[in-house]
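Quick notes on the structure that follows.
Please read these numbers as outputs of a predicted model, since none were measured by experiment. Along the sequence shown, the residues carry numbers beginning at 1.
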Amino acid sequence: MPQPTKLGLVLSGGGAKGAYQAGVLRYLAEMNIQPDAVAGASIGSLNGAVVANAENVKQAADSLEVVWREIAEKSPLKMDPLAFVAILLKICVAAFGGAPGRVFAMSAHQLEKIVPVKYHKYVSDPAFFDNSPTIDILTRYAGLENDSVGLPFWVSVYESEGAIKDLVGTLRATVGISDSKGSMFLPMHLLSSEDKRKALLASSAIPLAFEAQLISGKKYYDGGLGGWNTAQGNTPVTPLIVNEKCSHVIVTHLDDGSFWNRNSFPGTTFLEIRPKKISRNGLKDMLNFEKSTLLEWMEQGYHDTSACIGSVKGGLDVFSKSQASHASLEKSLGDMADSLQWMKR
C-alpha cells in the first residue's frame, strides 16, 4: 500500500538537457517541497545523487545550480584518444592480418581476463569518451562516502550483452521492430561507496561513448536503454512505488514526447513536468553542453515547474506540513526521552 503523503521525485535521462532539472529543483526549493525518495536514470541519476545526498531540498537546489554552472563553463565531454587508437589498431589487424588477424580482433575481449579493469575499454567494447570529469563531479558533490545523510535513492541501469548488441536492440526498439529488455533499479542507499560510484557511471554510460561498469560480475550501461517503448528505464518510477510506497510522484521528463504512461501505475498520483518553449534538435540537444544552451534549459526547468505546480500548489502543501509535523513529533519524542532519563536519576 502506498504511504499517504509520501512524495517521490523521478529525474529522467537526457544528456545535457539534465540542466533542466536544476531549474526544477530551484522551484521546488522555493516552494519548500521536499521529496522523501529519489530515482534517476542516466544524467538524472547524476543529478539524483546530488539531490539524495543533500540535507534538504534547498541545499540540493543550491548544489545542482553550482554543478550545472560549472558544467556550463567547462564541458564534461572529454575525448579519450587511446580508445580511438585501440579501435583503429583492431580494424587494421582485422583488415590486413588475414585470417589470424580477424580471429585476434574478434577475440580481443578475452584479454579482459589478464589486463587491469581500467584497460578493458581498450581491448573489449570501445569507449570514446573519458568519464573522469563525471567522476570529479560525483566525488565533490554526490557524497558517495557519506552513509549517514541522504534520501532513499534508486538508479536505473541496463545489463549489457555487449555494446554493439545493446545499441542494435535499442535501434530495433526505436523503429518499432521489438522492445528492449527492461532496466534494473539499484538501491544506491544500500550499496558500498565503490558500487555507488560504478552504478552512477553505469547509469549514464551510453554504449560506445562511455565504458560499461562491472558490478558483482555483470556489466551495466545507461539505464535509459531499458524498456524503450514505454520509457521503463528512462523514467524509473517503479522503485518509488513498489519499494518506497510513494503515494505521490513528481516526474521530470527531458523530452516532451516521452512514451511513459502514468496509467500503468494506478493508485499513485503523478505530477509530470515536461519541457516547453525551447528549441528541439534531437540527439544534438543531448550532447550540447554550450553555456548559453545549458542556462536556457535551467531557466526553462524553473518556469515549467512553476507553471505545473502553481495550479496544484495547495495539494502539495500537505507534504511541507506533514514534514513539519514529523519534525515536531520527533522533537517531542526527544524531549520526552530526556525527561524520562532525568526521572531515572
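Here the side chain of S156 pairs no donor or acceptor atom with the backbone of P236 at under 3.5 angstrom. At least one donor-acceptor pair under 3.5 Å links the side chain of D179 to the backbone N or O of N229. Although no hydrogens or angles enter the test, the distance criterion places a donor-acceptor pair under 3.5 Å between the side chain of S183 and the main chain of G223. Using a distance-only test at 3.5 Å, with no hydrogens or angles considered, a donor-acceptor pair links the side chain of S203 to the main chain of S42. With S247 contributing its side chain and K6 its backbone, the two residues share a donor-acceptor pair below 3.5 Å.
Hydrophobic cluster membership is shared by V57 and I273, with clusters built from Ile, Leu, Val, Met, Phe, Trp and Tyr side chains linked at under 4.5 angstrom.
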Notebook entry, point to check: Going through the distances and angles, do K219 and E159 end up as a side-chain contact (heavy atoms from CB on, under 4.5 Å)?
Noted result: CA-CA 6 Å; K219 284 188 174 183; E159 186 176 344; over 6 Å; no

Checklist line | D166/E161 under side-chain contact (heavy atoms from CB on, under 4.5 Å): CA gap, chis, key distance, verdict | finding: CA-CA 6 Å; D166 294 341; E161 298 177 47; 3.8 Å; yes

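Between W297 and F289, the ring center distance fails the sub-6.0 Å criterion.
Cation-pi geometry between R26 and Y302 is met: the NZ or CZ atom falls under 6.0 Å from the ring centre, inside 45° of the normal. Cation-pi geometry between K198 and Y220 is not met at under 6.0 angstrom from the ring centre and within 45 degrees of the axis.
The structure places OG1 of T134 at 11.0 Å from NZ of K78, a figure rounded to the nearest 0.5 Å. Atom CH2 of W228 sits about 9.5 Å away from atom CZ of F259, to the nearest 0.5 Å. For the atom pair CG of L191 and CD1 of I215, the computed distance is 7.5 Å after rounding to the nearest 0.5 Å. Expressed to the nearest 0.5 Å, how far CG of D136 lies from NZ of K74 amounts to 8.0 Å. Rounding to the nearest 0.5 angstrom, the gap separating the CG atom in D255 from the CE atom in M286 is 9.5 Å. From L295, atom CG reaches atom CD of Q300 across 13.0 Å, with rounding to the nearest 0.5 Å.
The minimum heavy-atom distance between M188 and K196, with the atom names listed, is O-CE, 3.0 Å.
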When the side chains of residues 7-17 are checked against the rest of the protein, which donor-acceptor pairs come out under 3.5 Å, sequence neighbours left out?
from : atom 1 : to   : atom 2 : distance (Å)
S12  : OG     : N234 : O      : 3.3
S12  : OG     : T252 : O      : 3.0
K17  : NZ     : L254 : O      : 2.8

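Side chains of E70 and Y141: a donor on one and an acceptor on the other come within 3.5 Å. In summary, the side chains of D304 and Y27 do not present any donor paired with an acceptor at a separation below 3.5 Å, with no hydrogens or angles considered. For the residue pair W154 and E244, a side-chain donor N or O sits within less than 3.5 Å of a side-chain acceptor on the partner.
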